[in-house]
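Contents: one structure, followed by commentary.
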Number of protein chains: 2
Amino acid sequence: MAEEHKLPTIKEIAQRLNISVSTVSRALHDHPSIGLRTKMRVQQLADELGYEPNKIAIFFKQRKTYAIGVVLPSLIEEFFSKAISGIEDVARKNKYHVFIGQSHDDVEMEKEIITAMKDQHVDGLIVSLSKQTKNYDHFMALEKYNIPVVFFDRVPSLSNVHKVAFDMVNGTKQMLEFLIKKGHRRIGILNGPEEMISSKERTETYKQVMIKNRIKIDMSLVESTDLSLESTATAVEKMLSLKPRPTAVVAINDYVALDGIRHAKKLNLELNKDITFVSYANIPITSFLQDPPFASVEQYPYKQGSMAAEILIELMNNSSTSESFHNILINGDLVIHATGE
Amino acid sequence: MAEEHKLPTIKEIAQRLNISVSTVSRALHDHPSIGLRTKMRVQQLADELGYEPNKIAIFFKQRKTYAIGVVLPSLIEEFFSKAISGIEDVARKNKYHVFIGQSHDDVEMEKEIITAMKDQHVDGLIVSLSKQTKNYDHFMALEKYNIPVVFFDRVPSLSNVHKVAFDMVNGTKQMLEFLIKKGHRRIGILNGPEEMISSKERTETYKQVMIKNRIKIDMSLVESTDLSLESTATAVEKMLSLKPRPTAVVAINDYVALDGIRHAKKLNLELNKDITFVSYANIPITSFLQDPPFASVEQYPYKQGSMAAEILIELMNNSSTSESFHNILINGDLVIHATGE
DNA sequence: CTGTTAGCGCTTTCAG
DNA sequence: CTGAAAGCGCTAACAG
């Protein structure tokens with residue numbers, strides 16, 4: 001069945017045409033210094049034989065693979081799969097291919113993937129950090145191989161790296177101001193793990209907005225979850241048993257918000273009346289939900305991905321000049337889901 | 001910043017040690033015929049210099065890339081991202097890397113990706129077809145390059161290919177028998193595009209089960225959607241305006257079922273009483289839904305992915321013998337979501 | 001306009 | 001036990 005047809009090479013073309021391989025190579029590349037006659041003869045024979053350049057040989061020779069690696073926590077989160085689409089589109093436009101690796105929020109896995117990608121000689125990397133990652137040595141080591149890295153969404157707390165991230169400060173301000181304008185004074189936060197920069201930023205912004213609006217800050221209104229089911233349940237429970245209960249809660253993401261909503265319903269609280277939940281958007285089917293969060297901040301994952309890819313491509317082209325570091329902030333937009341209140 | 005440290009090669013090690021490259025190569029590979037002394041000297045210097053083999057050079061030499069390509073319609077569907085995880089796990093265990101490409105259900109895109117992967121010299125491919133794909137020439141062409149292909153989930157209607165798919169006949173039987181046992185006699189089908197094998201199988205099984213249960217077949221109870229929003233809306237509308245109305249509806253997937261459910265509610269039908277919806281599972285957050293489908297058939301995407309990968313790896317190892325074709329059917333299981341009825 | 005030659009890094013006969 | 005040499009397919013500097 002499988003005929004061991006070894007594929008034709010420029011060498012073979014050269015022999016058949018009684019010319020040199022370099023001429024063939026040049027002809028195939030439409031080099032200006034090749035005579036039209038030979039060019040055509042070569043082209044034609046190449047077509048006849050079904051010649052296709054061996055990309056691996058070319059990669060080897062050029063020291064370039066036209067591949068970019070993408071490392072992220074999980075494809076299952078719609079946020080990331082949308083980001084990938086953004087990356088892919090930009091990559092394709094620039095003739096690059098994309099390798100994807102999932103860290104599943106495990107640092108060791110993340111390191112493994114990075115190593116694998118370095119071994120495969122990707123020309124550059126786009127990374128969203130695992131939840132566990134606190135040390136960035138495995139990324140810094142890539143400099144040695146001249147592999148540029150652009151981080152997105154979950155970015156390191158370093159200034160000497162390239163990154164694209166959601167503007168948490170601004171997004172959170174929008175949310176809080178929105179709630180305050182609606183009359184809420186007692187606003188809770190269901191925050192993420194304290195190690196994540198975004199969590200810190202959320203807390204800081206919270207304080208800042210409260211001060212600006214002359215609302216006294218009550219840190220018992222800020223609960224953290226490591227995003228596991230149990231931890232989230234505990235946080236939600238604590239939050240809803242506070243006295244007095246918050247009238248609005250900002251959750252780190254839609255899933256956490258939904259957990260809060262379920263719990264509130266169990267307590268027979270009327271949604272968007274006794275208590276309002278808002279969050280940062282990351283689930284697909286809000287429209288099918290009975291009680292969606294009242295509003296969420298859209299984080300534009302496709303845009304984050306495509307911007308990261310654009311920056312990376314720029315870096316790969318001017319590998320020489322690493323003058324300054326990109327630090328892009330993506331502005332979120334408030335989207336209202338529910339009606340009522 | 002970026003030091004042009006070119007990476008050490010075996011040649012360099014050889015020179016420094018005043019031995020030949022072949023000896024270095026063998027020493028590094030722990031070849032039995034190399035003296036312990038030299039072996040150790042080489043190993044040590046290699047460590048000192050931070051030597052790492054140039055994989056691209058090796059790929060080039062070995063004509064093998066240890067990469068497998070995965071082509072599927074969309075990562076955003078949880079079904080596929082879970083399948084990927086299955087593929088990745090098996091691949092990693094066998095030292096393979098995974099390239100992913102999304103066809104976005106576009107044949108042209110699918111062809112492009114296949115070409116790109118062929119150019120990158122992947123050692124094998126795992127594919128779930130785009131909705132549009134009716135002609136399989138671009139896959140058949142891969143034989144020429146000795147790239148084996150394993151299809152999964154959306155597989156071609158050919159017998160001379162390797163494939164892993166959900167057992168639609170069995171899954172549909174389970175569903176229908178379940179409904180019939182619950183007393184339903186007038187059962188509708190919201191089917192997928194007629195070109196998809198699975199749709200045909202669903203219809204055939206429907207007829208078969210009806211006959212077996214001595215229920216007269218009414219083909220007006222079978223509606224098709226091409227899965228676009230409009231088409232689904234139309235199909236749902238037709239289905240629910242049939243007289244008499246079906247008391248149960250089997251939908252091709254959860255999204256279609258949810259559309260049906262929404263529409264039924266608009267008509268003030270009581271769910272799981274006036275009308276019951278069931279479907280084939282593919283959404284993540286059933287537990288958060290107000291009115292989930294009453295039951296769905298779990299299709300085990302992770303398992304489909306990992307089995308496809310295992311078959312592929314087997315094929316890549318014995319590229320010689322393409323004796324017979326794998327044709328695996330995965331059994332679904334009925335999962336009840338709602339209570340009541 | 002075309003050919004010769006060297007070489008990318010590594011593996012692998014074939015000879016010692 | 002070790003070395004020399006060829007070669008994978010392609011590009012490009014150099015020389016006509």
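By convention in this document, chain letters (A, B, ...) are assigned in the order of the sequence lines, proteins followed by strands, and residues within each chain are numbered from 1. Only this structure's heavy atoms are used, side chains among them; waters, hydrogens and symmetry mates stay out.
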For the aromatic rings, using the six-membered ring if either is Trp, is the centroid distance between Y300(A) and F166(A) under 6.0 Å? no
Minimal non-hydrogen separation, T65(A) against V122(A), with atom names: OG1-CA, 3.7 Å
Mind checking Y51(A) for me? I need base, sugar-phosphate or nothing, with any heavy atom below 4.0 Å counting as a touch. sugar-phosphate
Compare every heavy atom of D106(A) with every heavy atom of S130(A), then report the nearest pair and how far apart it is. CB-N, 3.8 Å
Verify the distance criterion only: is there a donor paired with an acceptor across the side chains of T133(B) and E110(B) at less than 3.5 Å? yes
Whole angstrom is fine here: how far is it from CD1 in I56(B) over to P in dG9(D)? 16 Å
To the nearest angstrom, the CD-P distance between Q62(B) and dG7(D) comes to 18 Å
For the ring pair (Phe, Tyr, Trp, His ring centres under 6.0 Å) test, which of F139(B), F325(B), Y136(B) pairs with F151(B)? F139(B)
Nearest-Å distance for atom pair CZ/P, residues R63(B) and dT11(C): 15 Å
The helix from dC1(C)-dG16(D) to dG16(C)-dC1(D): angle between its terminal axes, five pairs each, to 10°? 50°
Over all heavy atoms of both residues, which pair between I34(B) and A27(B) is shortest? Give the atoms and the distance, please. CG1-N, 4.1 Å
Starting at atom NZ of K64(A), determine the distance to atom P of dT11(D), rounded to an integer number of angstrom. 15 Å
For the residue pair Y66(B) and N94(B), confirm or rule out a side-chain donor-acceptor distance under 3.5 Å. no
In whole angstrom, give the distance that lies between atom CZ of R41(B) and atom C1' of dT2(D). 13 Å
Could you give the NZ-to-C1' distance, from K55(A) to dC10(D), as a whole number of Å? 13 Å
Looking only at the side chains, is there a donor atom on one of T23(B) and S20(B) sitting less than 3.5 Å from an acceptor on the other? yes
Passing candidate, side-chain contact (heavy atoms from CB on, under 4.5 Å) with V150(B), options I87(B), I313(B), I311(B): I311(B)
Rounded to the Å, how far apart are N54(B) CG and dC8(C) C1'? 9 Å
With a non-hydrogen cut-off below 4.0 angstrom, is I58(B) in contact with a base, only sugar-phosphate, or nothing? sugar-phosphate
For dC8(C), is there a stacking contact with F60(A), counting only centres under 5.5 Å and planes under 30°? yes
Going by heavy atoms closer than 4.0 Å, what residues in residues 11-40 of chain A are next to DNA chain D? K11(A), S22(A), S25(A), R26(A), H29(A)
Which residue lies toward the 5' end of DNA chain D, I10(A) or K61(B), if each is placed at its nearest nucleotide? K61(B)
Please report, rounded to the nearest Å, how far the P atom of dG9(C) is from the NE2 atom of H121(A). 10 Å
